[in-house]
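Only one structure is covered here, and it is reproduced in the block below.
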Amino acid sequence: MSESLQTERKNATFNIKELTDTLNGGPEETRKRKQIESLVFNTPAFHRQDRFQLSREEIYDYSIKVYGELIKLCKKENIEIRYDNPDYVRLVGCIPEEIPVGLHVGMFSSSISDQGTEEQQKKWIPLARNFKIFGTYAQTELAHGTFVRGLETTATYDESKQEFILNSPTITSTKWWPGFLGRTSNHAVIAAQLYTKSKCYGIHMFIVQLRDLKDHKPLPGVTIGDIGDKFGFDTVDNGFLRLDNVHIPRENMLMKYAKVTPEGKYLPPTNAKVAYSAMTLIRVVLVRGSAKALASASTIAIRYSAVRHQTETAPGKEPQVLDYVTQQYKLFPQLATALAFGFAGNYMIDTFNKIHSEISSGQLDALSELHGISSGLKAYTTDTATAGIEVCRRACGGHGYSNACGIQHIYANVLPCVTLEGENTVMYLQAASKVISTIKRLEQLRRSGMDQDEAWNTAGIELVQAAKAHCHYFIVKNYLRSLEKLNMTPSLRKVMNSIALLYGNYGIDENAGDFLESGFMTGEQLNLVKAKILQLLSEVRRNAVAVVDAFDFDDKYLRSILGAYDGDVYNRLYNWAKSSPLNKTEVHSSYTEYLQQLLKSKL
Ligand SMILES: CCCCCCCCC/C=C/C(=O)SCCNC(=O)CCNC(=O)[C@H](O)C(C)(C)COP(=O)(O)OP(=O)(O)OC[C@H]1O[C@@H](n2cnc3c(N)ncnc32)[C@H](O)[C@@H]1OP(=O)(O)O
Ligand SMILES: Cc1cc2nc3c(=O)[nH]c(=O)nc-3n(C[C@H](O)[C@H](O)[C@H](O)COP(=O)(O)OP(=O)(O)OC[C@H]3O[C@@H](n4cnc5c(N)ncnc54)[C@H](O)[C@@H]3O)c2cc1C
């Protein structure tokens, strides 16, 4: 155990376990979480030491093995695989990889349970829940992702056969990106333009079987595969799919809201956007996912900064890097943001569950509000978390660039979230429509003679800025309100208040221009904010390691040499490097093949 970390933990002014319980929702929740997590951490199949030295194909193979292990574990422990089962969420939450079950449960099954009729749920949900089928959610196409109404895949109703015929009419209509589509899934919920009696009724969802259940071969009319290597998400076979007149029964259209009768008559839903429900669920999940990712990166960077000593500030005295104010200014606001986003994530899940049960009973009025706030918060938290994770990585210096740091994998896994489930710019624009000041701008543009779309596009930058400000304001307010409601000992509350104040003041400092421009604050007041930040950084310094310890991430989850709980960084780093496959032999084969000849040749 690193002496520096031991001292940090001894100096803490609050009880770490109390904060862990507070963040988990109480000691019982902590106990349940640790009990469930131990199932994963004690199953070797979930932790390959050489995971980051595998080829793309080996990694995919590994992810399917983990998929199978997870299902076996859930069956053995009688944990129902549902996105709204807390034990399942705890279990899948401690596996730091994207594995096929995420989309199967979080989008394929949830689309059916949210938008399927009773009969459709009765037929498909048991098959999905017992993994008799593997599904994904195939909406995005080669040429359209954001503009859902512009998707080109068609589902044309043939009333003589009472079937839909699915088609990819153009190269640009090829489904492209859906997770686990390329090699894994044998079914998909597919978004397609519905045609009946030669009239188009817009985007609806259809269950389509893609592969034979006996030999997993693509069915007739189905062309399917992986879209190739990506920036990250390497366990995921994001795929492409082309449909050439694939017939499905009428009953495969999800018909809880919109319907097509056997005679081909279209019965519209009360709110067409209910078809978008699966996206809203994942946006809600991504808010809490961003908080967890930033908390993980902060844990690694803060522990490492407490272990790392660098540069003499007095003869023979090399301080911990965490003692530099610049290092504190990099890391402590990330820690504060991770906590703020955690509370925002809790709010989002509670709000989603409340509105979701209303929607399930047919009350759809809160749908648009849920859409607005979930889109804005998803955009704001994923944007901010990805940027903050990179700040944490850089704060680790050279070793932050080694895969031994572990922050790279967190970053690579969170980065696509600024795009998937709604490209963030476009998501901000879903919340901005609610911000009054921006509306005034739009009215002004309209009065100048612009039409709505042109005015909206011209005001786009301000709309996004307004949405960001709205989300930031909401997160600060929710953070303080959440702290007020929590029972905490005075010592813990003091630490948490300092961190919350740091988050608020840092946000003002980061956006000082807006506060000046709006006349909301003077230069003098902004200087007071800067002074407050310096004071708060020194307050947080003493407890920073203890606060990240309270996140209670297991080393097996963090997978970080720099951020391991014992802080034994240099020995671990040396052993990790020696175990690299490149060091398997004293002399690498390239010597005899190339270098030796070079040395001998008379160049
Ligand atoms: C478990 C863990 C697994 C973890 C597994 C994690 C892996 C993740 C895998 C990733 C999966 C994906 O990416 S799935 C694909 C994700 N794709 C997207 O998110 C596409 C983004 N684009 C869109 O959502 C839409 O195109 C959007 C931009 C909102 C515009 O939609 P439309 O054009 O249809 O809407 P418009 O005609 O502009 O009308 C706007 C009105 O519709 C309402 N509206 C729009 N979308 C709405 C919605 N979702 N719900 C309610 N209402 C909505 C607006 O509030 C407006 O209402 P009024 O103001 O009242 O009129
Ligand atoms: C890792 C990963 C996993 C994914 N998984 C799935 C999946 O499982 N299922 C699925 O269906 N899809 C999936 N997707 C696709 C994802 O949902 C889309 O990429 C996303 O919706 C963005 O759409 P796009 O790619 O068309 O981007 P575009 O919309 O083409 O974005 C390109 C640029 O255009 C700008 N832009 C676009 N429209 C507007 C506008 N109206 N106003 C202002 N600016 C605009 C954007 O801001 C962006 O800067 C995945 C994507 C990734 C990266």
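Every value quoted in this text rests on a predicted model; they were computed, and no experiment measured them. In listed order, ligands and their atoms are each counted from 1.
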Within-cut-off N or O pair, Val426 and ligand 1, under 3.5 Å: no
Thr425: numbered ligand 2 atoms lying under 4.0 Å from its heavy atoms: 47 (O)
Salt bridge present between Asp554 and Lys556 (N-O < 4.0 angstrom): no
Sub-4.5 Å side-chain heavy-atom contact between Trp456 and Met450: no
Proximity flag Arg283 to ligand 1, non-hydrogen atoms under 4.0 Å: yes
is_close_aromatic(His104, Phe131), centroid dist under 6.0 Å: yes
For Pro416, the ligand 2 atoms whose distance to one of its heavy atoms is below 4.0 Å: 1 (C)
Under-4.0 Å protein heavy-atom contact, atom 17 (O) of ligand 2: yes
Atom 35 (C) of ligand 2 within contact range, any protein heavy atom under 4.0 Å: no
Ligand 2 atoms in contact with Tyr137 (distance to a heavy atom under 4.0 Å): 7 (C), 8 (O), 9 (N), 10 (C), 11 (O)
Any protein heavy atom nearer than 4.0 Å to atom 25 (O) of ligand 2: no
Which residue and heavy atom of the protein sit nearest atom 11 (O) of ligand 2, plus the separation: Thr140 N, 2.9 Å
Salt bridge flag under 4.0 Å for residues Arg33 and Asp552: yes
Polar contact flag for Tyr83 and ligand 1 (N/O pairs, less than 3.5 Å): no
Flag: protein heavy atom within less than 4.0 Å of atom 32 (C) of ligand 2: no
Atoms in ligand 2 with a heavy atom of Gly145 nearer than 4.0 Å: 21 (O), 23 (O), 24 (P), 26 (O)
Proximity flag Glu421 to ligand 2, non-hydrogen atoms under 4.0 Å: yes
Under-4.0 Å heavy-atom contact with ligand 2, by part of Phe233 that carries it: side chain
Lys175 side-chain N/O to Ala191 backbone N/O, donor-acceptor pair under 3.5 Å: yes
NZ/NE/NH1/NH2 to OD/OE distance under 4.0 Å, Glu69 and Lys76: no
NZ/NE/NH1/NH2 to OD/OE distance under 4.0 Å, Lys354 and Glu358: yes
Side-chain heavy-atom pair Trp177, Glu141 within 4.5 angstrom cut-off: no
Pairwise side chain to side chain donor-acceptor pair (under 3.5 Å) hits with a residue in residues 227-237, at least two apart: Arg51-Asp234, Arg56-Asp229, Thr184-Asp237, Lys230-Asn238
Ligand 1-proximal atoms of Glu423, by part, heavy-atom distance under 4.0 Å: neither
Residues Tyr428 and Asp383: side-chain donor-acceptor under 3.5 angstrom: yes
Atoms of ligand 2 close to Gln139 [distance to a heavy atom under 4.0 angstrom, numbered from 1]: 11 (O)
Heavy-atom protein neighbour under 4.0 angstrom from atom 29 (O) of ligand 2: yes
Ligand 1-proximal atoms of Arg149, by part, heavy-atom distance under 4.0 Å: side chain
Side chain, backbone, both or neither: the part of Leu367 lying under 4.0 Å from ligand 1 by heavy atom: both
Geometric N/O contact Glu421 with ligand 1, under 3.5 angstrom: yes
Per atom 21 (C) of ligand 1, closest listed option by heavy atom (Thr146, Leu103, Val105): Thr146
Ligand 2 N/O within reach of Gly179 N/O, cut-off under 3.5 Å: yes
Geometric class of the Phe352/His356 ring pair [parallel <30°, tilted 30-60°, perpendicular >60°]: parallel
Student check: side-chain heavy atoms of His187 and Phe134 closer than 4.5 Å: no
Leu103: numbered ligand 2 atoms lying under 4.0 Å from its heavy atoms: 8 (O)
Min side-chain heavy-atom separation Tyr380-Phe474 under 4.5 Å: no
Between His204 and Phe164, ring centroids under 6.0 Å: no
Distance under 6.0 Å and angle within 45° of ring axis: Lys34 vs Phe41: no
Proximal candidate to atom 19 (O) of ligand 2 [heavy atom criterion; set Leu181, Thr419, Asn238, Val148]: Thr419
Residue part near ligand 1, for Ile282, under 4.0 Å between non-hydrogen atoms: side chain
